[in-house]
Amino acid sequence: MSEPKERKTLDQRHQMSDIDRLRHSCAHVLATAILRIWPEAQLAGGPPVENGFYYDIELGHSITPDDFEKIEAEMKKIVKENSSFTKSTVTREEAIDLINKGRIGAVSDRDVASKYKLEMLNDIPEGEDISLFENNGFIDLCAGPHVGRTGNCKAYKVMSVASAFFKGDNTRESLQRIYGTCFKNKTELSDHLEKLEEAKRRDHRKLGRELGLFHIDEMVGQGLILWKPKGALVRRSLQDFITENLDAQGYSQVFTPHIGKLDLYRTSGHFPYYQESQYAAIPERGALEKLNDDGVSCSDLTNGLSDGSIEGYMLKPMNCPHHIKIYDSEHRSYKDLPVRLAEFGTVYRWEQSGELGGMTRVRGFTQDDAHIFCTPDQVAEEVKKCLDLVKKVLKTLGMHDYRVRLSLRDPDSDKYVGEAENWEKAEQALRDAVKVLGVEYTEELGEAAFYGPKIDFVVKDVIGRDWQLGTVQVDYNLPVRFGLSYVGSDNSKHTPVMIHRAPFGSLERFTGLLIEHFEAKFPTWLAPEQVRIIPLSDKFLESCEAASAELANAGVRVTIDRAAEKVGAKIRLARLDRVPYMLVIGGREAETNSVSVRHRDLEDLGARPLSQFVEDITEEIENRELGPKTQ
RNA sequence: GCUCUUGUAGCUCAGGGGUAGAGCGCGUCCUUGGUAAGGACGAGGUCGGCGGUUCAAUUCCGCUCAAGAGCUCCA
């Protein structure tokens, strides 16, 4: 069967990996089962995907998870019948005839012809072979390849049902997509299912609630994160980390407001072109009353805001225009450049409700943003420094499983601003920079920002989803739109180049991923609570308080567990709370001014003089170690 | 935004046309202990919101809000 979106060439398809071939065959088994259960179904496509396969169908009623058992039982029968996958090649006319007769995408003769199959057939270019695969009396339009027999599909499971648009086009029919997972054997399948369970355990939404890191409140609004005290400590530690690096690299910190006039965004190009992905404009005070008095309608208001006859404000969707205005507030000489303006800037974007999720996809978020204004000659060096910073950040956090994407414009699309010539310069600058970075990268068309190309650091989360985090972008366009300039050594005006960069991307998304990455067992420097002191009994509270004071004095985040519980229960609770260090103080420790140290991951580390522990943990925190040094 | 699923105590969930239950957590008291759960008692719910059907709705129906999965989108 053919891919709905992009047809691969036959050669590419023959290179399909063994596991994809198996999953592809599984999709046919699924389709066979569906048609046996619901002969009126119209099939669309069903390719292999990561970890499994799916098949898109149109059916008069909704399939629910209650049907999965029935579907799997039918699949089991089909597998047991051990029919071979038989390939045949037909002419276009023969294929059309078979579809119209309901023979393709059907188990037996019937009147229903799949309009989707017909359209997919039309998408096959003239001259390319039209091949069919048959199994268990079910014929599908399909280029293959397949495993020999249905009996090879041994380890599969129907996972979920969701909707999907035909050909991924949201103006087309909405189909039901049935997902299945499939592996070579039962062991690999159960390993995969176990991995999914593990992902659930690490889900930042679950851990965030359990550990009191953040909260999303219906009354505050969708996609708006409330950072609770413990989450705020994690965030502060991250911000401190970035700030230290910015200070070292010659950045200047700035603060800007959360709103700006619509004119600012008319100039930048955000308004009105991206209106639907922004919170609605805020009309100026008095404007609504005046319009009301004048009997003006809502659509006049909208038009007025768009054409500028009514002034208003917008929640900022990006920080760049504000930073641009700071740059532009002074005369700049080439000697002043680069000007590097940094801000933890909160931006607001109206993401569609169905796209929101936890901290990783939100409507208000804080970028660890900075804009560098420099001369064209300085671009390469500045981009390199930015990339080094992103690399350093990821390395410090032990995030090694990322890929680098050079996001370029799609030359056929009209969503980009600026001259082609500037785009080519910017894209070349980034390409040169990423080449010396020393990491693998892929170039992807159509992934650029509307004002310029980007280098994105994309990391995979625990269940394999890609997330764009750090980003470095070169922009020749916004400086032109805002008429920015500096005086060069030739005493004439020049336009600076802008670099946008954010090593974390957004603190919300980054923190969400970090929670999952560490399973909330943050390295000590990030842990909201770094040490918990556990008195053996109330008698030792005084010693505990002395130890707590000494640690707090050294800048360590420490608490004392005063509950009327036994040590075992307190240890258990501290571990569930993911506190890196537990210090037990009883008679022995109180007498010698020492502490019995237990680490979250390393269990009992024995007793140590308190002063020694303070020294050790301070060093671990200052160096931002991923874990304690093991002796 | 679309399709499906879900919404009962702070959390995880059971229940079900006659106004509700468990475990954990929380509070008080007892216990003062040596590294993953000591014991007793107690408080806590307009069963997401609005409307409809019904003698009666938390339960059935409609709408709405929110969450989850997938799709589409992500300057």
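By convention in this document, chain letters (A, B, ...) are assigned in the order of the sequence lines, proteins followed by strands, and residues within each chain are numbered from 1.
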For Watson-Crick and G-U wobble pairs within 3.5 Å on both distances, what is RNA chain B written in dot-bracket notation, | included for inter-strand pairing? (((((((..((((....[..)))).(((((.......))))).....(((((..]....))))))))))))....
Partner residues of A/Thr471 under the side-chain hydrogen bond (donor to acceptor under 3.5 Å, both in side chains) criterion, sequence neighbours left out: A/Asp456, A/Gln473
Are there any protein N/O atoms within less than 3.5 Å of an N/O atom in nucleotides 42-48 of chain B, and if so, which ones and at what distance?
none

Could you tell me how far B/rG38 sits from B/rU19 if I compare only their C1' atoms? Round to whole Å. 38 Å
So for atom CD, which belongs to A/Glu355, do other residues, nucleotides or ligands contribute more than 12 heavy atoms lying within a distance under 6.0 Å? yes
Under the 5.5 Å and 30° test, is A/Tyr274 stacked on the base of B/rA75? yes
Write out a two-atom table: protein N or O, nucleotide N or O from nucleotides 25-28 of chain B, distance below 3.5 Å.
none

Under the side-chain hydrogen bond (donor to acceptor under 3.5 Å, both in side chains) test, residues paired with A/Glu545 that sit two or more places apart: A/Arg562
Provide the distance between the two P atoms, one in B/rU58 and one in B/rC50, to the nearest whole Å. 10 Å
From CZ of A/Phe540 across to C1' of B/rU32 the rounded distance in Å is 9 Å
With sequence neighbours excluded, what pairs up with A/Tyr441 under the side-chain contact (heavy atoms from CB on, under 4.5 Å) test? A/Val404, A/Leu406, A/Arg431, A/Val434, A/Lys435, A/Glu443
What distance, rounded to whole Å, do you find between the two P atoms, one in B/rC13 and one in B/rG52? 33 Å
If you take any heavy atom closer than 4.0 Å to RNA chain B, which residues from residues 346-355 of chain A end up in contact? A/Arg349, A/Gln352, A/Ser353, A/Gly354, A/Glu355
Salt bridge check, A/Glu508 against A/Arg361: does any charged N sit closer than 4.0 Å to a carboxylate O? no
Quick one: do A/Arg532 and A/Glu529 make a salt bridge, cutoff under 4.0 Å? yes
Roughly, in whole Å, what's the span from CZ in A/Phe166 to P in B/rU3? 19 Å
How would you list, by chain and number, every residue that makes a ring-ring contact (aromatic ring centres under 6.0 Å, His included) with A/Phe504, sequence neighbours excluded? A/Phe510
With A/Arg266 as the cation and A/Phe271 as the aromatic partner, state whether NZ or CZ is under 6.0 Å from the six-membered ring centre and within 45° of the axis. no
Determine the Euclidean distance between corresponding C1' atoms of B/rA20 and B/rG44; express it in Å to zero decimal places. 14 Å
Span that lies between the C1' atom of B/rC73 and that of B/rG16, in whole angstrom: 41 Å
Not counting sequence neighbours, which residues clear ring-ring contact (aromatic ring centres under 6.0 Å, His included) with A/Tyr476? List them please. none
Contacts of type ring-ring contact (aromatic ring centres under 6.0 Å, His included), residue A/Tyr348, not counting sequence neighbours: A/His258
Ignoring hydrogens and geometry beyond distance, is the side chain of A/Arg363 in donor-acceptor contact with the base of B/rC74 at under 3.5 Å? no
Suppose you measure atom C1' in B/rG21 against the same atom in B/rA36; what distance do you get, rounded to whole Å? 29 Å
Once hydrogens and angles are ignored, does a donor-acceptor distance under 3.5 Å link the base of B/rG70 to the side chain of A/Ser160? no
side-chain contact (heavy atoms from CB on, under 4.5 Å) involving A/Lys539 - partner list, sequence neighbours excluded: A/Ser537
Whole angstroms only, please: what is the CD-C1' distance between A/Gln222 and B/rG1? 11 Å
Using atom CG of A/Leu536 as one end and atom C1' of B/rU31 as the other, report the distance to the nearest whole Å. 14 Å
Listed by chain and number, what are the ring-ring contact (aromatic ring centres under 6.0 Å, His included) partners of A/Trp423, not counting sequence neighbours? A/Tyr416
Can you tell me, in whole Å, how much space there is between the C1' of B/rU35 and that of B/rA40? 26 Å
